Amino acid sequence: MKIKLFAVLVLCCLVTRGVAQFSIGTFDKNLQISGYVTSFYNHRFYDEAELNKDKNRFNLDFAVLRFQGSDEKRIRYELQVNLPAIYSTDPTDEFLMQATAEYRSKSNDFGFQFGYDKLPFSWASLLPQNQSAFMQRAESIRGKTFNRRDMGITLTKGFLNKRLVFTGGVYTGEGINSITGDNDPNGKLLYAGRVEASYPARYRDEEIDENHTAIPRVKIGADASYTEKTRTTGEDYPILTVDGKKTSYSGDVTASWKGLSAHAELITFRIQPNDTLVLLGKPTDYYLAQGVILQMNYHSTKLRSVFAVRYDEFNPNDLLVGDNRQTVSLAYNYLIDGMNNVIKVHYFYRLTAEKALEPWSENQLRIGWQIMF
């Protein structure tokens with residue numbers, strides 16, 4: 001099985017010569033094949049007394065194949081799979097990344113999509129990982145606090161040449177289990193929506209300003225989701241689904257100018273559990289889990305490099321003191337061929353939360369290579 005998967009991946013790389021999409025077309029249909037590979041070495045700075053240092057290892061993070069098709073009737077479809085996830089035991093590693101069919105209007109300002117894809121929630125979650133200077137998402141949007149992908153229907157409508165865009169949909173609310181199993185016993189769904197406004201022109205989903213925009217650009221976004229379930233799930237944080245009501249909302253600002261770009265995002269999960277023991281005897285019927293992301297990047301054409309710094313914080317329960325997960329990340333990218341062929345370095349520096357005895361995790365260094373084809 002491993003040999004077959006590797007052979008398919010190598011064949012696609014050879015056909016596309018590592019730098020461009022491979023297209024197959026007829027008079028009324030078109031199919032494009034692309035993808036990317038990201039591998040890295042990970043090193044954690046363990047205490048001397050730590051005997052288990054199994055996180056120090058080489059890893060194949062992504063080996064993604066992407067199939068995009070369209071026809072003359074403005075119907076589009078897309079399939080993305082990540083081959084290493086077949087063997088991963090990490091629930092945040094998903095083999096199926098997207099499987100959708102979509103109708104787009106002639107003006108391309110209206111779309112109707114059905115299938116499995118990312119939820120319209122959190123700009124930092126929606127941004128493709130291969131477009132980021134960092135090799136791992138912030139703790140609050142890694143897929144441990146909400147199901148980033150789900151099965152459902154999504155509508156998108158743009159105004160003013162997409163300077164104003166509304167996206168919303170209805171989903172099963174069970175993440176990957178929407179495909180592998182049934183819904184929650186109560187049969188209720190998840191509702192999510194996002195609105196974003198850009199100025200002075202449409203702001204595409206890009207973290208790095210490789211084109212060095214001459215005029216400052218800014219985008220402001222806000223999103224929300226709501227679901228009600230009877231089962232609590234989540235390994236690190238028991239809030240993926242909640243036995244009770246879960247309301248999620250966030251706001252973000254993104255800007256760029258002459259190679260410099262910045263992003264700020266605040267994410268809040270309001271958990272109203274049916275099990276009152278979760279509330280630790282406090283005089284309330286809910287608790288909050290909150291995340292903050294602050295990031296700045298600079299692209300240097302002369303040095304063919306990207307320099308980035310990010311602060312992210314996540315508090316899984318505001319009723320607990322000293323449980324903030326704080327990290328300062330530094331990233332350096334050497335662009336061999338833009339983001340198509342790039343060497344990435346990502347250093348995680350863990351901070352000690354107020355009233356905590358030690359950092360919540362070890363400092364960490366990743367060095368990797370990303371090739372898109």
Side-chain angles (χ1 to χ4, degrees), residues 5 8-9 11-37 62-83 85 94-121 123 125-131 148-172 176 178-179 192-194 196 198 201-207 210-211 219 337-340 370-373:
L5 291 175
V8 170
L9 183 61
L11 178 60
C12 288
C13 291
L14 292 175
V15 170
T16 59
R17 298 186 181 181
V19 296
Q21 292 178 331
F22 172 66
S23 297
I24 303 173
T26 64
F27 69 94
D28 62 346
K29 291 181 175 61
N30 180 65
L31 172 65
Q32 294 182 332
I33 303 174
S34 60
Y36 59 96
V37 176
F62 292 100
V64 173
L65 291 177
R66 183 182 187 188
F67 303 87
Q68 297 172 284
S70 61
D71 64 22
E72 61 179 2
K73 297 180 180 179
R74 298 189 292 278
I75 303 298
R76 304 188 182 190
Y77 56 87
E78 183 165 341
L79 174 66
Q80 285 193 65
V81 293
N82 184 25
L83 303 182
E94 295 181 281
F95 169 69
L96 183 62
M97 300 177 68
Q98 183 174 349
T100 57
E102 180 182 7
Y103 167 80
R104 291 190 185 182
S105 64
K106 187 176 182 179
S107 60
N108 205 33
D109 62 357
F110 172 77
F112 174 90
Q113 178 181 281
F114 183 80
Y116 184 76
D117 199 3
K118 290 180 182 178
L119 292 179
F121 183 85
W123 184 88
S125 172
L126 290 166
L127 181 79
Q129 185 64 50
N130 58 22
Q131 296 299 319
R148 298 179 54 243
R149 294 177 172 87
D150 212 329
M151 185 75 191
I153 299 174
T154 304
L155 298 176
T156 302
K157 175 61 179 176
F159 300 91
L160 304 174
N161 292 324
K162 292 191 175 181
R163 290 195 291 268
L164 179 64
V165 179
F166 293 89
T167 307
V170 182
Y171 311 88
T172 303
I176 191 64
S178 298
I179 299 173
R194 174 173 174 81
E196 55 186 35
S198 306
R202 175 189 177 189
Y203 199 123
R204 299 182 183 275
D205 289 332
E206 55 186 20
E207 180 179 288
E210 288 189 83
N211 296 320
K219 176 163 70 175
D337 180 19
M339 296 304 287
N340 291 323
Q370 172 182 294
I371 296 181
M372 301 173 64
F373 55 87

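All of these numbers come straight from a predicted model, not from anything done at the bench.
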From CZ (Phe67) to OG (Ser34), nearest 0.5 Å: 9.0 Å
Side-chain (Gln131) to main-chain (Asp205) donor-acceptor, under 3.5 angstrom: no
Validation row: Ile179, Tyr116 side chains within 4.5 angstrom (heavy atoms): yes
Side-chain donor or acceptor of Arg104 paired with backbone N/O of Arg76 under 3.5 Å: no
Verdict with reasoning, Tyr203 to Val165, per side-chain contact (heavy atoms from CB on, under 4.5 Å): CA-CA 11 Å; Tyr203 199 123; Val165 179; over 6 Å; no
For the student: nearest non-hydrogen atoms of Asn30 and Gln32, plus distance: ND2-CG, 3.6 Å
Criterion side-chain contact (heavy atoms from CB on, under 4.5 Å) on Glu102 and Ile75, from CA distance to verdict: CA-CA 6 Å; Glu102 180 182 7; Ile75 303 298; over 6 Å; no
Verdict with reasoning, Ile153 to Val170, per side-chain contact (heavy atoms from CB on, under 4.5 Å): CA-CA 6 Å; Ile153 299 174; Val170 182; 5.5 Å; no
Considering all heavy atoms, the nearest Met339-Met372 contact: O-SD, 3.1 Å
Donor-acceptor contact below 3.5 Å, side chain Lys162 vs main chain Arg202: no
Separation between CG of Asp117 and CG of Leu96, rounded to the nearest 0.5 Å: 9.5 Å
Euclidean distance, Phe110 CZ relative to Thr156 OG1, rounded to 0.5 Å: 8.5 Å
Thr154 side chain vs Gln113 backbone, donor-acceptor pair below 3.5 Å: no
Closest heavy-atom pair and its distance - Glu94, Ala85: C-CB, 3.5 Å
Considering all heavy atoms, the nearest Val64-Met97 contact: CG2-SD, 3.7 Å
Close side-chain approach of Ile33 to Arg66, heavy-atom, < 4.5 Å: no
Asn211 atom CG: more than 12 heavy-atom contacts under 6.0 Å: no
Smallest separation among heavy atoms of Trp123 and Glu207, with atom names: CH2-CA, 4.2 Å
For the student: nearest non-hydrogen atoms of Glu210 and Gly338, plus distance: OE1-CA, 3.6 Å
Separation of Leu65 CG from Phe373 CZ (nearest 0.5 Å): 5.0 Å
Heavy-atom side-chain contact between Phe95 and Leu83 under 4.5 Å: yes
Point-to-point distance, once rounded to the nearest 0.5 Å, from OH of Tyr36 to CG of Asn82: 6.5 Å
Arg74 side chain near Tyr103 side chain, heavy-atom distance below 4.5 Å: yes
Nearest-0.5 Å distance, OG1 of residue Thr167 to CG of residue Leu119: 12.0 Å
